[in-house]
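As structure tokens, the structure follows; a few thoughts come after it.
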Amino acid sequence: MNRKYLIIFLLLFSTLYAQDKRKVALVPFDNKGPTRIDWISGAIEYLLSNKLSVASGFYVIDRKTMQRAFSEIGFTKGVTSDRVSIQLGRITGAEVAISGTYTDSASLIKLNVYYYNTNNGNRIFEETIAIRENQLVQAADKIIDRLVHISGVPISQREKALMARSLTKKPKAFESFIKAYIENNKPRRNPDIVIGLFRQAIMADKNFWEAYYNLGIVYFNNKRYNEALNQFNKIIKALPNFDKPYYGRGLIYEKQKKYDLAIADFNKVLEFNPNDFKAYYYLGKISILNKEYKKAKKYLDEAANLNPEYAPVYYEYGNLAVATNKMRSSINDYRRAVELDPGNIRFRATLGEVYYRSQIYYNALLEFDAILKKKPNHAVANFMRGVTIYKQAVLEELVEAFLDMLDEASGSKKAVKEKGFNKKSTIDPVKKGKVYQDMVAAFTKAAQARPRFMQATFNLALTYLEMGNYPLAENYFKKTIQIAPTLIKAYTKLAEVYEKTNRLPLAIEQYRKVFFIEPAIFVRQPTLGPEHQYRNIFKEFMSELNTRLKRNPNDVKSNLTLAKVFKAQGYNGKAANILRKVLSRQPNNREAKSMLAAIEKGDRRR
């Protein structure tokens, strides 16, 4: 390339990059030589992404986004064409793509490197770099120097120092390290192989601190937190000015909810590498949990400024909005997180739930359906789909009824015509049947996916009750009680099933169970309905309770029930005395301790 062409290019590229960040897509280099040097492609990718991560003027498109782009384009590695480069830019937001090939020749590795403008697909520059196999770091430095030169992005002395940080001078250690890196990035990685390769790297170079760090991260990802912590502490002791082990240790402390320790470590990361957006992200996340919302906003803004394509930041922006009672405004943040990471189930589920809570049921269903398309047996998505279908049907019914009222009030011809059909505001029977079928299907899948999913089982029972399918309603209310033995609503609904099927003694038995769980219900409403001839059930149950206490004055369950009765009647002193009696025999009885604490707290307020 002649000098005149390069000057013209620089002018164009400077215009293209009249923004703060330079988004770089790293395309895996294609090995044109023997398979023994396949690992070099991973080495080039690792070295470039690792070095560029400390430069504030650049950020590398993450692997997940690149893999999604490759899948969509039908491309995996090698030299990109103008069409592929444009598509990479469109999908990932990258402004420049670096790709290439390599081979071995006369004991040298020859890299053919190509730089593409992803806005128009033009090949900006190409060069050949010949190095020895143990000089891959120098090759990466040359590629970065070229990228810096053609983009005109300055790199500070501090950033240069971080980029120049040595990994290892032992080729075998570096090769094992890169092979571990490659295995760890496979869709179905084998953690034992990854751990073994990182250990090989450490055995080959006892001071290979990057290998220690990555081994710690593998331990962390596999929930081997003590082993991970040992790795990070070992590095910090040997190399206290290295930012990465503080980040790894901060992850562990954040996971263990030791937030003060996590904050100290993430701040230490930023002391050494102020461009680490993930450290800012975690500080923002922790600040939300600590209810320090102004701090959270500041940290998340820093993270987003350093990497505006990092989806978890927008997820936490959404959490911040919800925490500060701005439910509706959280939608845009959660939606942005989903746009950046469409495959993230948690992001979609949260967006769907926020749509649901905001009564935007159509959009909520779209999100739950998107989850179920990928994971048909996802328990929560199936459950939320069921309740959303119901809510949407109810909302449509209310809207239709309201419109009918408006038509009638206006005396329109439409209203007069429809009035002749004696139209009611209830939902159309055919549509209602379809709604119930869809709800049953959703709740059934949720309950099958998670057998002890109480809410799914209970809602399935409720749906069958509404449908008039009493045998199945009975069955699922009983299953709900097995999962949640103190769920009062399950007992009262099961009693309703028995009443509708004229099995009144069984209904009374359910009410009896409710009485011994929460008698306050019957203190407030002592009699049953007309199907029981307005029977005073509270009087009967109290007689049974007194009989039990006469037989066994120290029976804990009976004493707790009596204390609840007195408390519901406003006799807090009597209730407290009974609870103290229970605690004298069972000092660790949680229910008695909780009730007594609540009574004493109420007394102090008065």
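All figures in this text were calculated on a predicted structure; none of them were measured in a lab.
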Could you grab the distance from atom [atom1] of [X] to atom [atom2] of [Y], nearest 0.5 Å is fine?
X: Leu289; Y: Lys257; atom1: CG; atom2: NZ; result: 8.5 Å
X: Tyr299; Y: Ser287; atom1: OH; atom2: OG; result: 5.5 Å
X: Lys557; Y: Ile517; atom1: NZ; atom2: CD1; result: 7.5 Å
X: Asp265; Y: Ile236; atom1: CG; atom2: CD1; result: 6.0 Å
X: Lys574; Y: Asn572; atom1: NZ; atom2: CG; result: 12.0 Å
X: Thr547; Y: Asn552; atom1: OG1; atom2: CG; result: 13.0 Å

Check Val523, Val565, Thr561 against Met542 for a side-chain contact (heavy atoms from CB on, under 4.5 Å) and give me the one that passes.
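The single option meeting the side-chain contact (heavy atoms from CB on, under 4.5 Å) with Met542 is Val565.
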
Check [Y] with [X], please: is the shortest side-chain N to carboxylate O separation under 4.0 Å?
X: Lys297; Y: Asp301; result: yes
X: Asp243; Y: Lys268; result: no
X: Lys493; Y: Glu499; result: no
X: Asp555; Y: Arg548; result: no

Nearest heavy-atom contact between Ile288 and Ala296 is CG1-CB, 3.6 Å

Over all atoms of both residues, closest heavy-atom pair of Tyr310 and Tyr314:
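For Tyr310 and Tyr314, the tightest heavy-atom pair comes out as O-CD1, 3.5 Å.
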
Counting only heavy atoms not in [X] (residues, nucleotides, ligands), do more than 12 fall under 6.0 Å from its [atom1]?
X: Tyr511; atom1: OH; result: yes
X: Lys564; atom1: NZ; result: yes
X: Arg63; atom1: CZ; result: yes
X: Lys244; atom1: NZ; result: yes
X: Tyr571; atom1: OH; result: no

Test Gln392 against Ile389 for side-chain contact (heavy atoms from CB on, under 4.5 Å), laying out the working first.
CA-CA 5 Å; Gln392 186 177 34; Ile389 287 168; 5.7 Å; no

Could you check Glu316 against Asn319 for side chain to side chain donor-acceptor pair (under 3.5 Å), going step by step and ending with a plain yes or no?
CA-CA 5 Å; Glu316 289 305 325; Asn319 290 343; 3.3 Å; yes

Does any donor atom in the side chain of [X] or [Y] lie under 3.5 Å from an acceptor atom in the other side chain?
X: Asn577; Y: Arg580; result: yes
X: Glu302; Y: Asn305; result: no
X: Arg512; Y: Tyr491; result: no
X: Asp333; Y: Ser330; result: no

Which residue, Tyr317, Tyr315, Phe347, forms the ring-ring contact (aromatic ring centres under 6.0 Å, His included) with Tyr334?
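Checked Tyr317, Tyr315, Phe347 against Tyr334; only one passes ring-ring contact (aromatic ring centres under 6.0 Å, His included): Tyr315.
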
Just checking, Arg249 and Phe220: is the charged tip under 6.0 Å from the six-membered ring centre and within 45° of the axis?
no

Do we get Lys278 above Tyr281's six-membered ring, with its NZ or CZ under 6.0 Å from the centre and within 45° of the axis?
no

Any donor-acceptor pair under 3.5 Å from [X] side chain to [Y] backbone:
X: Ser71; Y: Arg68; value: no
X: Asp341; Y: Ala337; value: no
X: Gln586; Y: Asn588; value: no
X: Thr492; Y: Lys489; value: yes
X: Thr444; Y: Ala441; value: no
X: Asn290; Y: Glu292; value: no
X: Asn559; Y: Pro553; value: yes
X: His378; Y: Ala381; value: yes
X: Asp276; Y: Val269; value: no
X: Glu227; Y: Leu229; value: no

Quick check on the 6.0 Å ring-centre criterion: do Phe515 and Phe541 meet it?
yes

Taking the side chain as everything from C-beta on, heavy atoms only, tell me whether [X] gets closer than 4.5 Å to [Y].
X: Leu596; Y: Lys593; result: no
X: Ser358; Y: Ile331; result: yes
X: Glu540; Y: Arg535; result: yes
X: Gln256; Y: Leu261; result: no
X: Leu579; Y: Lys567; result: no
X: Asn307; Y: Val313; result: no

Pairs under 3.5 angstrom only: tabulate donor-acceptor contacts from the side chains of residues 475-487 to other protein residues two or more places apart or in another chain.
| from | atom 1 | to | atom 2 | distance (Å) |
| --- | --- | --- | --- | --- |
| Lys478 | NZ | Glu474 | OE2 | 3.0 |
| Thr480 | OG1 | Phe458 | N | 3.4 |
| Thr480 | OG1 | Tyr476 | O | 2.7 |

Partner of Glu367 under salt bridge (charged side-chain N to carboxylate O under 4.0 Å, His left out), chosen from Arg348, Lys374, Arg335, Lys373:
Arg348

Between Phe443 and Phe383, does a ring-ring contact (aromatic ring centres under 6.0 Å, His included) hold up when you go through it step by step?
CA-CA 5 Å; Phe443 292 139; Phe383 171 74; 5.8 Å; yes

Evaluation steps, ring-ring contact (aromatic ring centres under 6.0 Å, His included), between Tyr361 and Tyr355:
CA-CA 6 Å; Tyr361 300 123; Tyr355 276 135; over 10 Å; no

